[in-house]
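There's a structure below that I have some questions on.
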2 protein chains.
Amino acid sequence: MATGKKTYQNTILDIAEALKLSPATISRALNNHPYVKEKTRNDVVEMATKLGYRRNHMASGLRSNKTRTVGLIIPRVSMFFHAEVITTIQNDLHKHGYNLIICQSNDSVSMERELAETLYASRVDALIAACTLQTIDFAHFDKFVEHGTPVIFYDRVPVKAYRATLIKGDDFQGAYAATSHLIAAGCKRIAHVSGPLTSNLYQDRAAGFLKAMEAHGLSVNQDWVFHQELSHENAFKAMHKLFETTAVPDALFADNDTTAIAAIEFAKARGIAVPESLKIAGYSNDPRTAIISPAVTSVEQFPNLVGRRIVETLVDLLAAEQEGAVYKTEPIIIPVKLISRMSTSTI
Amino acid sequence: MATGKKTYQNTILDIAEALKLSPATISRALNNHPYVKEKTRNDVVEMATKLGYRRNHMASGLRSNKTRTVGLIIPRVSMFFHAEVITTIQNDLHKHGYNLIICQSNDSVSMERELAETLYASRVDALIAACTLQTIDFAHFDKFVEHGTPVIFYDRVPVKAYRATLIKGDDFQGAYAATSHLIAAGCKRIAHVSGPLTSNLYQDRAAGFLKAMEAHGLSVNQDWVFHQELSHENAFKAMHKLFETTAVPDALFADNDTTAIAAIEFAKARGIAVPESLKIAGYSNDPRTAIISPAVTSVEQFPNLVGRRIVETLVDLLAAEQEGAVYKTEPIIIPVKLISRMSTSTI
DNA sequence: TTGTACGCGTTATCAA
DNA sequence: TTGATAACGCGTACAA
């Protein structure tokens with residue numbers, strides 16, 4: 001261990017004293033207030049640098065009631081889609097002079113509640129959230145809404161009406177496109193491994209799947225439809241069930257890529273030929289889908305586009321805040337695109 | 001757009017007024033100060049809930065000079081290793097009542113500087129940083145050190161002595177083990193695709209590689225050693241160079257898994273048999289290495305262990321702060337482990 | 001264009 | 001065990 005002494009903190013008062021000016025002038029100079037003589041401003045900036053002055057966000061935030069900080073709550077930073085969204089959000093917010101506090105809920109509702117509490121305590125200027133799959137009650141976001149702080153939900157959004165802005169991918173169309181693609185490839189016996197129906201994601205994807213089946217005159221075998229946490233382990237369990245009898249599916253639509261990849265692994269281990277005997281489609285276009293062989297067909301969600309729209313919307317809301325606009329009433333839907341790969345090939 | 005009104009903010013003064021107590025007592029009750037009557041505390045907590053009181057971090061931080069917030073600067077949240085480290089850090093810090101502000105530098109030195117500035121302005125109680133590969137000058141962290149704020153560097157750490165705590169993987173041993181493993185598999189003509197030598201990571205891995213070669217009496221072909229940004233694209237370029245002549249290597253040690261995976265893809269495209277004609281080892285044990293075929297041998301860095309040690313060390317430093325201990329003088333080295341897979345198999 | 005004076009919400013210090 | 005009061009560092013009416 002080594003020792004370090006606490007040193008003196010320079011404040012605008014120190015700059016004022018050194019320059020024989022009032023703290024008010026220093027504050028104005030540092031905040032690009034119009035009524036400051038150019039020379040004064042230069043002197044102040046120079047002295048600030050010389051003294052190693054750093055603004056204290058807490059003091060200025062307390063006074064001005066603005067933090068220029070945005071809070072973000074997501075289930076996990078390690079999910080490809082979210083990692084990309086974060087990167088875009090951070091970069092774009094930075095251009096507008098906002099900072100970002102990133103928090104992980106680990107897909108735990110109680111953690112999500114605590115994080116919301118903390119971010120509120122930090123008085124963030126806005127909140128962005130991708131909720132957990134189990135979040136049904138959104139009351140822990142009420143305080144933001146009541147306080148006039150814009151809230152943007154993306155990806156996993158409230159199913160019921162809520163006074164916040166919604167930005168989400170077109171899950172219905174994504175599922176519809178993937179299912180139709182499988183059908184066009186000649187599949188008739190299509191299984192669907194989906195997530196918990198508490199989430200809008202899987203409600204919409206399930207609806208898209210059913211609609212596509214119906215539109216093509218195919219019946220859905222309920223034994224082949226799963227709603228479960230989309231883990232690698234659960235995917236294997238589902239695959240075991242699907243292939244434990246003689247009547248087996250000829251295609252699988254998986255609601256995430258982890259499940260699709262597990263299905264590929266299962267098929268390899270069992271000697272089931274993909275795509276010949278079983279075609280597989282996933283969701284999210286995780287980089288792993290392109291690496292595994294056979295490469296997996298998946299649905300691209302354009303995370304960068306999602307991130308960009310989030311920040312655009314946020315900046316808009318923040319700018320209009322004095323007029324009292326805290327959310328967009330219409331959900332913003334980001335289009336998706338099916339990426340066809342070997343796992344659904346007919347050649 | 002919809003409208004939302006700004007509502008009244010309740011403060012400890014409101015609670016004090018409602019309870020006919022002084023704000024000081026409210027503060028003490030809410031902070032679990034010992035000298036508060038049990039009944040008073042209960043009354044306060046009850047009234048706080050009733051009024052929807054939320055502490056204002058800015059005000060308490062300003063006054064107490066503690067934020068119970070830790071800043072984290074990393075190159076990218078989307079890198080597997082870092083994503084895992086973050087998760088552990090956040091969860092462990094949370095147990096100790098600390099919050100985490102995660103910031104991405106995008107591997108840009110100027111962004112790293114700005115983020116350091118911002119986190120200092122937020123007066124975080126401690127800073128954790130994995131620097132960019134180009135960070136040679138660490139002056140932007142000086143203000144923390146001078147202010148007595150503990151700084152912990154991990155993974156990418158200053159090469160020269162710096163008044164901060166260092167936590168890193170055993171890159172020398174990792175590279176030594178991987179190279180020795182290739183040699184034990186019968187390889188004699190080993191190429192090394194490494195990163196920029198500005199970073200401790202690649203200095204150490206390069207040293208480990210050389211030491212292993214030397215220890216086994218093998219000579220290093222300098223045309224087969226690359227120091228470059230470890231991107232997918234650069235990896236392909238390096239592979240092209242390696243295989244453009246008739247004298248080709250029989251093994252590749254890559255300093256990250258992206259490079260190793262690109263090498264596998266290159267080999268497939270060129271009809272080079274892996275592992276028969278070319279053995280490949282990567283670094284970091286990214287999940288993709290287990291998915292691609294052939295699966296890639298890699299070096300596990302135990303990100304969860306790294307994260308745990310970071311928080312342990314931090315909590316220790318924070319607790320001892322009044323005694324003036326702001327860093328550990330000895331670097332903390334986390335062991336690594338070679339994970340052998342098909343890409344280096346001799347069967 | 002600059003200075004004066006106050007307050008943001010909380011906590012530390014002292015006194016009661 | 002509680003209260004009164006000042007102070008943290010900054011921004012902003014208002015006055016000059």
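The figures that follow rest on heavy atoms only: side chains count, while hydrogens, waters and symmetry mates do not. Just so we're on the same page: letters track the sequence lines, and every chain starts at 1. What you are looking at is a predicted structure, and each value in this text was computed from that prediction instead of being measured.
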Exercise. How would you label the contact of B:Leu21 with the nucleic acid (heavy atoms, under 4.0 Å): base, sugar-phosphate, or nothing?
Worked result: sugar-phosphate
Exercise. Does the side chain of A:Asn91 come under 3.5 Å of the side chain of A:Thr88 through a donor N or O and an acceptor N or O?
Worked result: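 Judged by distance alone, the side chains do not pair up.
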Exercise. Taking it one step at a time, do A:Phe141 and A:Glu112 satisfy side chain to side chain contact (heavy atoms under 4.5 Å, CB included)?
Worked result: CA-CA 10 Å; A:Phe141 297 109; A:Glu112 181 175 288; 3.8 Å; yes
Exercise. Of the residues in residues 53-64 of chain A, which ones touch DNA chain C at a heavy-atom distance under 4.0 Å?
Worked result: A:Leu62, A:Arg63
Exercise. Pick one: which of A:Val77, A:Ile74, A:Leu119, A:Thr118 meets side chain to side chain contact (heavy atoms under 4.5 Å, CB included) with A:Cys103?
Worked result: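 Of the listed residues A:Val77, A:Ile74, A:Leu119, A:Thr118, the side chain to side chain contact (heavy atoms under 4.5 Å, CB included) partner of A:Cys103 is A:Leu119.
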Problem set entry | Interface with DNA chain D, restricted to residues 24-34 of chain B and to heavy atoms under 4.0 Å | B:Ala24, B:Thr25, B:Arg28
Problem set entry | A:Glu46 atom CD, over 12 foreign heavy atoms within 6.0 Å | no
Problem set entry | More than 12 heavy atoms of other groups within 6.0 Å of A:Arg309 CZ |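 Atom CZ in A:Arg309 is not crowded, with 12 or fewer foreign heavy atoms closer than 6.0 Å.
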Exercise. Would you call the rings of B:Phe81 and B:Tyr154 parallel, tilted or perpendicular, where under 30° means parallel and over 60° means perpendicular?
Worked result: tilted
For this session: Might you confirm whether atom CD of A:Glu312 has over 12 heavy atoms from other residues, nucleotides or ligands at distances under 6.0 Å?
Result: yes
Problem set entry | Contacts of A:Asn200 that satisfy side-chain hydrogen bond (donor to acceptor under 3.5 Å, both in side chains) - sequence neighbours left out |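 Checked A:Asn200 against side-chain hydrogen bond (donor to acceptor under 3.5 Å, both in side chains); zero matches.
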For this session: Identify the heavy atoms of B:Ile73 and B:Ser105 that sit nearest to each other, and give their distance.
Result: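 Heavy-atom minimum between the residues: CG2-CB, 4.3 Å.
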Problem set entry | Any residue meeting side chain to side chain contact (heavy atoms under 4.5 Å, CB included) with B:Asn31, in chain and number order, not counting sequence neighbours | B:Ser27, B:Arg55
Seminar exercise, completed: Bounded by its outermost nucleotides with an atom under 4.0 Å from a heavy atom of chain B, the footprint on DNA chain C reads C:dG9 to C:dT13
Exercise. Heavy atoms under 4.0 Å, any strand shown: does A:Lys39 hit a base, just sugar-phosphate, or nothing?
Worked result: nothing
Exercise. Relative to each other, are the rings of A:Phe138 and A:Phe153 parallel, tilted or perpendicular (30° and 60° limits)?
Worked result: perpendicular
For this session: Give a yes or no on whether a salt bridge exists between A:Asp43 and A:Lys20, defined as a side-chain N under 4.0 angstrom from a carboxylate O.
Result: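 Judged by the 4.0 Å cut-off on N to carboxylate O distance, A:Asp43 and A:Lys20 do not form a salt bridge.
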For this session: Walk along DNA chain D from 5' to 3' and tell me the first and last nucleotide with an atom closer than 4.0 Å to a non-hydrogen atom of chain B.
Result: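 From 5' to 3', the first and last contacting nucleotides are D:dT1 to D:dG9.
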Exercise. Hey, is B:Lys143 close enough to B:Glu146 for a salt bridge, meaning N to O under 4.0 Å?
Worked result: no
